[in-house]
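Input: a single structure, listed below in structure tokens.
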Amino acid sequence: MKQVILSLVIVVLGVFGAAGSQAGTTEVALKPIKVDRSLDSLRRGAQVVFDTCMRCHSLRYITYRDLLDMGLSKEEVDTLRGDRGLGEYLQTTMPPSAAKFHFGMLPPDLSLMAKARKNGPSYIYTLLTSYEEMSNGKIDNPVFPGIRMPDILNVTVETAPEERAVVEQQARDVVAFLEWAADPRAQERRELGVYVIVYLVILTALLYWRKRKIWSRLDEH
Amino acid sequence: MAGRIIDWIDQRFPLTKFIKHELTEYPTPRNLSYWWNFGSLAGIVLVIQIVSGIFLAMHYKPDALMAFDSVEHIMRNVNYGWLIRYMHSTGASAFFIVIYIHMARTLFYGSYRAPRELMWWTGQVLLLMLMATAFMGYLLPWGQMSYWGAQVITSLFGATPFIGDDVVRWLRGDFVVGDATLTRFFALHYLFPFLIVGMVVIHLVALHMVKSSNPSGINLADKDNIPFHPYYTIKDLFGFGVFFIVFAYFVFYSPNTFIEADNYEPANPLKTPPHIVPEWYFLPFYAILRAIPDLLGGVVAMGVSVVIFALMPFLDRSRIPGGAKYRPIYRVMFVLFVIDILVLSYVGLKPPSGSLVIVGQVATFVYFSLFTLLPFISRWEERWLRKKGLPPEVEELIRQEEEEAAKRGRRA
């Protein structure tokens with residue numbers, strides 16, 4: 001049985017190794033990114049999203065009250081919402097007819113974007129930072145050719161190293177905010193998980209000890 | 001006082017007798033390995049799914065316009081809704097992992113053989129019910145993959161000769177997957193688990209009739225048994241503990257491992273995703289479907305590939321005990337089968353391209369060959385092993401078995 005298991009493990013690793021290398025060649029190369037989940041990053045990300053993304057995109061599953069749960073102060077939220085109610089969701093200022101006119105489509109909702117794409121955070125970061133000026137003078141995104149979204153963070157304009165660093169930091173902050181928006185309970189989940197798993201490990205250790213104890217009765221016969 | 005209450009009940013209901021017969025005196029082989037834990041694990045996963053499912057149903061809206069939003073409402077606004085939902089979505093995958101291991105154990109140790117054919121067949125029915133339940137449940141979040149997965153799978157029934165289109169329309173309740181499909185899938189997804197519970201009871205009644213198989217493959221009844229309680233109650237509880245640690249890791253730290261990214265986009269009947277994949281647990285069968293160029297042929301092959309397991313008691317004609325343990329050739333076939341399943345899963349996952357199509361067809365051929373060759377190989381293997389000579393203890397066990405079988409035959 002042990003040999004069987006061992007050989008199966010080797011095969012499984014082989015199959016998934018092959019799957020991994022295959023995936024790398026067929027899908028677009030995303031820039032890997034580690035999401036900064038600090039409140040500072042979330043706060044800056046929210047600001048960028050409000051100033052730029054939300055000119056066209058909505059976040060229909062996020063209300064202003066959720067931003068309080070995220071950690072923003074009452075004053076900060078009041079500044080962001082203006083005269084909108086706390087229970088209203090984050091709606092774009094662009095009317096749908098204007099969006100249709102400019103882009104030929106409604107820009108997708110951003111609430112779930114970080115989960116609705118494979119490697120969502122890297123996907124968003126790559127998308128935001130990959131704009132380039134093409135040889136014909138037009139601005140396009142070689143990783144997502146023909147994309148209708150403009151170079152919103154001015155990647156193609158701010159090319160000096162220090163300017164570029166600012167833009168990349170903005171992109172990172174947007175990713176942090178959108179990752180939070182896709183799963184606002186994730187922090188709660190990660191915190192609770194530690195307690196659950198520690199509890200289960202202790203319980204299982206005790207059960208194992210009981211099992212050994214009970215089964216040792218059989219040795220007496 | 002407690003004693004008097006139990007006496008009162010015992011005069012009206014066989015409570016003490018039941019506990020004695022099914023637990024404290026129920027004989028279980030003492031040599032069961034941890035592979036025998038997966039039956040009780042399947043039971044606990046069924047409980048997780050039913051309990052989490054009932055709580056989800058309290059907040060879910062089976063309506064094409066509200067389903068997706070209501071799942072997000074559960075994830076964001078319901079107290080611990082994210083926990084219930086992630087437990088349910090992770091539980092579906094856990095169910096299949098546990099069941100597949102449970103089946104692999106049965107195949108490896110030959111536990112499907114007489115007198116446990118009915119265990120194996122009720123298990124086979126349970127597998128089909130589980131697959132149907134999982135398939136219908138996957139539609140409910142009403143994401144892109146939910147929608148297009150259901151669209152593809154229901155359209156397969158269009159391969160039915162003569163009445164194909166009618167069958168598809170009857171299943172969907174509409175010309176395409178839509179609100180009518182969602183509501184009926186929800187109703188059935190809520191019903192099926194309780195039918196599964198009923199089938200599990202039958203599975204267990206059969207088990208308590210024939211008793212557990214064991215790694216030696218020999219019927220150990222009255223030979224080397226220990227009572228189920230406390231020995232296996234504590235062993236199963238320990239197994240639950242280990243299972244829950246792994247389960248909790250996925251629920252709390254990697255809950256989206258088993259959820260396709262596309263499914264976080266609401267169903268859109270006008271936008272076909274570039275690559276539609278079924279859930280991972282259907283991948284080998286999906287690969288078999290695609291390996292056959294003809295639709296009807298593919299659907300039949302897929303159906304047969306699932307139910308062919310039921311024939312195992314007839315296909316395996318060897319009388320050597322211990323499943324793969326004392327049978328080197330069967331052991332090779334078992335390993336080959338598992339590798340083949342993994343290859344098929346990989347092929348099912350990827351878009352069909354030149355060389356992968358060939359790989360899928362070869363793997364499909366190997367899949368069915370292993371089953372169809374088994375009657376001949378198992379017979380030949382038995383003759384070869386008998387001639388070569390088995391370990392003396394195995395020969396002794398076979399002799400005892402035959403004696404007992406002869407005795408049973410006389411009584412009957």
Side-chain angles (χ1 to χ4, degrees), chain A residues 1 3-4 7-8 11-12 14-16 18-19 22-23 26 60-63 66 69 108-109 111-120 123 181-186 188-197 199-215 217-218 221, chain B residues 30 33 35 68-69 72-73 75-77 80-83 86 104 108-109 143-144 215 226 230-231 233-249 251-253 255-256 259-266 324-325 331 334-335 338-339 342-343 345-346 349-351 353 356:
Chain A
M1 196 66 196
Q3 290 167 334
V4 171
S7 54
L8 285 180
V11 168
V12 169
V15 167
F16 284 93
Q22 180 98 1
T26 52
R60 57 192 291 246
Y61 295 117
I62 300 294
T63 63
D66 292 327
D69 293 338
D109 190 88
S111 321
L112 282 163
M113 207 43 93
K115 282 206 298 195
R117 297 289 180 273
K118 231 180 208 164
N119 301 323
Y123 180 98
D183 197 350
R185 303 282 168 216
E188 183 189 355
R189 169 161 59 79
R190 286 187 286 263
E191 281 165 14
L192 182 62
V194 177
Y195 294 103
V196 172
I197 289 178
Y199 172 84
L200 284 172
V201 167
I202 294 171
L203 177 71
T204 307
L206 289 173
L207 285 170
Y208 182 66
W209 174 72
R210 275 309 292 166
K211 191 246 163 196
R212 289 284 297 267
K213 194 102 175 147
I214 288 174
W215 277 67
R217 290 180 209 160
L218 291 172
H221 306 299
Chain B
R30 69 192 283 172
S33 66
W35 296 110
F68 190 90
D69 285 353
E72 281 307 313
H73 166 70
M75 295 286 290
R76 290 157 192 269
N77 303 326
Y80 293 103
W82 56 267
L83 178 60
Y86 278 147
F108 187 89
Y109 288 104
Q144 271 289 67
I226 49 176
Y231 296 105
T233 35
I234 187 68
K235 195 176 176 184
D236 281 346
L237 280 175
F238 169 59
F240 288 177
V242 174
F243 168 81
F244 272 111
I245 292 172
V246 179
F247 184 70
Y249 171 78
V251 167
F252 288 100
Y253 294 102
N256 287 308
I259 302 178
E260 278 289 322
D262 277 344
N263 228 26
Y264 281 111
E265 213 167 295
K325 206 172 164 198
R331 194 159 60 223
F334 175 84
V335 173
V338 177
I339 293 172
L342 292 173
V343 170
S345 304
Y346 178 69
L349 182 67
K350 293 282 152 185
S353 67
L356 267 187

Checklist entry - Step by step, would you call A/Arg189 with B/Tyr86 a side-chain contact (heavy atoms from CB on, under 4.5 Å)? => result CA-CA 10 Å; A/Arg189 169 161 59 79; B/Tyr86 278 147; 3.7 Å; yes
Checklist entry - Atom CZ of A/Arg217 and atom OH of B/Tyr231: how far apart are they, to the nearest 0.5 Å? => result 5.5 Å
Checklist outcome for this item: Per-residue tally against chain B (heavy atom, under 4.5 Å) across A/Asp109, A/Leu206, A/Val194, A/Asp66 peaks at A/Val194
Checklist entry - Of all of B/Ile226, B/Asn263, B/Leu83, B/Ile234, which one pairs up most often with chain A through heavy atoms under 4.5 Å apart? => result B/Ile234
Item to check | Where A/Leu192 and B/Trp82 come nearest, the two heavy atoms and their spacing | outcome: CD2-CH2, 3.9 Å
Checklist entry - Salt bridge or not for A/Arg117 and B/Glu265, using N-O below 4.0 Å? => result yes
Checklist entry - What part of B/Tyr80 is in contact with chain A, defined as an atom under 4.5 angstrom from a non-hydrogen atom: side chain, backbone, both or neither? => result side chain
Checklist entry - For the residue pair B/Ile245 and A/Thr204, what are the closest heavy atoms and their distance? => result CD1-OG1, 3.6 Å
Checklist entry - Which bit of A/Val196 is near chain B, if near means a heavy-atom gap under 4.5 Å: side chain, backbone, both or neither? => result side chain
Checklist entry - Tell me, side chain or backbone of A/Ala114 under 4.5 Å from chain B's heavy atoms, or both, or neither? => result neither
Next on the checklist: How close do B/Tyr253 and A/Arg190 get, counting heavy atoms only, and between which atoms?
Outcome noted: OH-O, 2.6 Å
Checklist outcome for this item: The reported gap from CG in B/Asn256 to NZ in A/Lys118 (rounded to nearest 0.5 angstrom) is 13.0 Å
Item to check | Engaged part of B/Asp262 at the chain A interface, taking heavy atoms whose separation is under 4.5 Å | outcome: both
Next on the checklist: Can you give me the closest heavy-atom contact between A/Arg185 and B/Met75, atom names plus distance?
Outcome noted: CG-O, 3.4 Å
Item to check | Distance in Å, A/Glu188 CD paired with B/Phe252 CZ, rounded so as to fall on 0.5 Å steps | outcome: 10.0 Å
Next on the checklist: Please classify the contact between A/Ile214 and chain B as side chain, backbone, both or neither, with a heavy-atom cut-off of under 4.5 Å.
Outcome noted: both
Checklist entry - Relative to each other, are the rings of A/Tyr61 and B/Phe68 parallel, tilted or perpendicular (30° and 60° limits)? => result tilted
Checklist entry - B/Glu260, B/Lys235, B/Glu72, B/Arg76: which one forms the most heavy-atom pairs within less than 4.5 Å of chain A? => result B/Arg76
